[in-house]
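Have a look at the structure below, then the notes.
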Amino acid sequence: MDKQLELLQGTLDMLILKAISLGPLHGYGILLRIQQISKDRLEIQQGSLYPALYRLEDQGWIGSEWGESDNKRKAKYYHLTAAGKRRLQTEAEKWNRMAEVIEGILHARPEEV
Amino acid sequence: MRLWKRAGAWLEATLGRSRMESEMDAELRFHLEARVADLVCGGMKREEAQRRAQMEFGSLEQAKEECRDVRGVNFIDSLVQDVRYGLRMLRKSPGFTCVAVLTLALGIGANTVVFGVVNALLLRPLPVERPSELVFVENNHYGAGQSFPNYQDLRDRNRTFAGLAGYRESPMELETNAGAERIWGYLATGNYFAVLGVKAAVGRFFEQSDDRHPGASPYAVLSYSAWQTRFAADPSIVGKTIRINRLPYTVLGVAPKDFHGTELLYWPEVWVPMMMEPQIERQNLWLDNRNTWNTWVIGRLQPNVSSRQAEADLNGIATELARRYPLEDEALQFKLAKPGLVGDLLGDPARAFALGVLALGGLVLLAACTNLASLLMARATDRQRELAIRLAIGAGGGRVMRQILTETLVLSLAGGGAGFALAECVSQALNRLRGPIDFPFQYSANPDWRVFLFALVVSIITGGLFGAAPAWRASTAKPDSVIKQASGSSRGSHLALQDALVVAQVALCSVLVCACLLSLRGLRQALKMNLGFEPQQVSVVAFELGLAGYSEEQGQAFQERALQATEQLPGVRSASFSNSFPLSIDQSHTDMIFPANETEIRSNERVSVNAYQVSPQFFATMGTKLLAGRDFNWHDGAKAPQVAIVNVAFGKAVLHTDNSVGKRFRNGPGGPAVEVVGVVEDGKYESLTESRAPAVFWPVLQQYNSTTTLEVRSARPATEMVGEMRRAISRLDPELPVYGAGSLREMLGFAYFPTRAAAIALSAFGVLAIILAATGIHGLVAYTVSRRTHEIGIRMTLGARRTQVLRLVLTRTAALLALGSVFGAILVVAMGKVMATIVYEVEPRDPLVMTGVLLTMALLGLSASWSPARRATRVDPIVALRYE
C-alpha cells in the first residue's frame, strides 16, 4: 500500500461537500466515499469528521435527517443544500486556481525567470 | 439574520441538550459499529476489529466536545461548571470566604448607602410628569425667592414656558381631633398642580380659577400621609371642612403617596391656594409687595425650548421690570436651576458634598479591592499546584483564567448582595433620622432600581478588579516548573506585586484616615466656634400668635404675660423672647437700611442685614456680649424714639464706623431715623461658614412680630425647663400649639448638620479603611511568615536570635508602611480640593492631622503584624525543617 497523504489544512470541508454532492450519505459513508474516490491515498482523521459535519450544518451548507442504512440500521444522512452547492463551486474554483498557480511556480525553469 | 439563526441554534442546542447528546451518541456509535462490521467482513476477529475501529477514530470524547463547541453549548456548560467549582472551592475555605464576603459587604455597602443618598438628592427625578422639563427660577438679588408681583409678570409675559407656578412654604395651625398642631404646608398658585402634572389620589386639586381673589378660596389639599395619619384615612374626606389657623377650609383632595412637592427635603402636609396668604399669614404681607422676595417659582419649559432660550426670555422681562420699578428691580437678572433643592441654594453645596463623599467611598472600595486581591494572590500561590495540574492535563490558559474570574465574581456578587442588604438597613435608619428641629426636613433614600443597578455594577467591577491580577498570573504559570518546584519557598515577582498592593492599601487608608481626622477636627472646631452667643444652658419654646388669631395688641400683651410667667419659674436666671434666634431655620433680612444723613438708598450700597425683634434681656439670656451702649428696656415702646442695637459688622458695613452708638440710620426710604443705642459682638446667623454678617436687633415694643420664641437661661436640665415653660404657656392659653421646644443646642441641629454628617460619614469610612488595612497587613505578614518558616527555621538553627528574626519579618512591613504613608500624604495634598468640599475651614495640611495619620498608620502596622511576627520568633527549627 502506498503511503497515505495527510489532508491539507482546510480541505476536509471541501471534500465532504463534494462527497455528498454525489448523493446523501451518512458520516461513515462520507469517509468511505472519499477513500474510494481517492483510491485510499488520503488519510482522514475519523475523529475530525464529525465536528466538521456539525460545523458545515451549522453554517447551513449541508442538511441532515435520520434514515435507514443498507443493513436496516438508523443512521443520520447528510445532503447538500443550495447554499452548499454554491459553496462547493467557489471552493473548487479557488482550489483549481491555487493549484494552477502553485504548479506554475513549481514548474518554473531558469530561462522563464 | 445570521445572528438570529445562531442564537436560535444555540437556544435549541441548549434546550434540546439531551436530544442532541443522544443523537450525537447514536451517530458516533453507528460509525464505529459500521467500521467494525466492515473490518469483520475483511476477515478480522470481532474483538480485534473493535479495538482497531476505536484506535482509528481517536478520542470519542474529544470529538463530542468539539461538536458541542461548534454548536455553542459549551459556553453555558463550562460557566455552570465554573460556578459550581468556584462554590466548592469557596466552601472548602470558609475562613477566606467569610473574610472576603465581609470585606466586600462593607466596601460595597458603604458605597451603596452613599450612592443611595446621591440618588435621592441628585439623580432620582421628581415624581411628576416629564420632570426633565421643570426648571427653578432664581435671581441675582436674593437667589431662590421672587417677589409675588414679579412672579405674576413673569407668568403672564413669558413666551417660553408652558406654565410658571409659585409656591411658598408656610407654617400653619391645623385642628384635628387630636387638637391644634403647628404643621408645615405650601401656599401655591392655582396652576401649581397643573404645571407639575400631578393627579390627585382622591378628589381633585385646586385650579387657576380657584385662586383669583385674595381670601376667596378657602380650599385645602392634603398630603397622603397627612390624610392617613391626621385624618385616619377618612374615605369621605373630600368636601369636609377642616380648620387651619382657626378658619374653615374645604378639603378638595389628597395628593399621591409619593408626591411631596418639588423640594426634596421639605415634605408639606397641606397645600392652600396662594390667594389665601392674608388668611394663612394673618396679614397680607407680600402679595402686592414687589420687594418681598418670598415666592419660589418653578416652571415647565415648552417643548423644544432650551433653558438658555427661556433664561433670555425671562431676562427680557427683567430689563423691563428694572425700568419700571427701579427701586426694587434694578439690575435684576434671572437664572434657571435644577429644581429639588431650592435651586442652587442647597443644590450646589449638596452636590459638591455628595460627590466628594462618593469619591472617598470609592477609595474605601478600592482599599477593599486591594485587600481581596492580595488575599487572592496568597491563595493563588497556594493553589499553584492545583492550577498547574489543571493546565498540564490540558485546560487552556484562558479556561483557567475564566475559572478564577468566575470564582471572584461569585465572591463579589455574594459580597455585593450582603452589601446591598446592609445598605438597605442603613438607609432605613437614615430615613427615620429627623433633625430635632421644627421643620419637615425629610427625604427618602430608599434604594430603587438605580441603587440596585449601582450595587450590581460595582460588584461586577470589583470582582474584575481584584480577580484580574491573580487570574492573569495563574493562567501564565508554567506547569512544569511549578510542579517540579513543589511547595518550595518561591519568592518571585508575585511577592513584589503583593507588596505593591499593600503599599496601595496603606496609601488609601492614610487618605481616608486623614479625611476622617479632618472631619472630626472640623466638627470640633465648629462646636468650639464662637457663635456670638452661648447655647449651653439655654432652653427655648416657640409659638405663633398670628395663626392663633391674636391681634397685635392681644399678641403683645400675651408675649409679656408669657415672659413674666417664665421669669417666675424656679431656677431661671434670665428670660427673654424674640421672633427668632441666630442659626435657627427662620431668618429674616432687610436690605433697605442706609445712614440717616443720606437722602436715599444707593442700589450699589445695599447690604443684606439679618434682622431680629428681641425683648430686653435677650442678649443676657443668649449670652451675647454687649460691647458698647445699653440693652433695650421696657420704655423703648411705640411712643419713644426709634432705637436699635446692631453688631460690629453692621457698623462697618452700613454706617462705616467702628463706634456705632449714637449713630442714626433709616429703615427704608421715608422711614424715621433710628438711633443705635447698643453694639453687640458679631455672631453666626445663617450658617457656621459665613463671615462677619451685619445684624440689626429691633425692640419688640417698636416692631411687633407674632412669631414668638421664649428663651430661658437656667442651670436646670433643658427637658425639665421646657416642660415647665410649656405648662406656663398652656396655663395662659390652653389651645395655643407650642413647637420648636428644646435646648438651644438641639435647635442648632440644622446649622451643625453638614459638619456632623461629614464627621459621621468620614469616620465610618476611616474605621472601614483601618479595618481593611489592618487585615491586609496582617494577612501579608502572616503569609510571609508561613512561606518563610523553612528559611526562618534554618536561620534559627544557625543561631539567629529572636530579635534578628523579628527584624527579618518586620523590616519589609515597616518599609511598605512608610512607602504607603508617603504616597498617602501626596494623595491627601492632591485631594485638598475634594476635602474642602466636605470639610470646611480645615486645612488639609494641618500638622496635627498629619501627625495623627502617621501615628495611626504606625500603630496599625505594629498591631497588625504583631501576632504573625511573634509566631515567627517561636518557630521551632526542628518542626520547621521536618515539615518541608
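Chain naming here is simple, since letters A, B, ... match the order of the sequence lines and numbering starts at 1 in each. Hydrogens, waters and symmetry mates are skipped; everything else that's a heavy atom, side chains included, is used.
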Counting only heavy atoms not in Glu47(B) (residues, nucleotides, ligands), do more than 12 fall under 6.0 Å from its CD?
no
Residues, nucleotides or ligands: over 12 heavy atoms within 6.0 Å of Trp66(A) CH2
yes
Can you tell me how far apart CZ (Arg35(B)) and CG (Leu32(A)) are? Round to the nearest 0.5 Å.
7.0 Å
Approximate separation, where rounding is to 0.5 Å, of His31(B) NE2 and Lys76(A) NZ
14.5 Å
Between Gly47(A) and Ala63(B) the two heavy atoms that sit nearest each other are O-CB, 3.6 Å
Can you see which heavy atom on Glu27(B) is nearest to which on Tyr54(A), and at what distance?
OE1-OH, 3.5 Å
Proximal component of Glu33(B), with respect to chain A [non-hydrogen, under 4.5 Å]:
side chain
Where along residues 16-23 of chain A does a heavy atom come under 4.5 Å of chain B, listed by residue number?
none
Taking the inter-plane angle between the rings of Tyr50(A) and Phe57(B) on a 0 to 90° scale, is it parallel (under 30°), tilted (30 to 60°) or perpendicular (over 60°)?
tilted
Taking every heavy-atom pair that is under 4.5 Å apart, which of Arg29(B), Glu56(B), Met24(B) has the most such pairs with chain A?
Glu56(B)
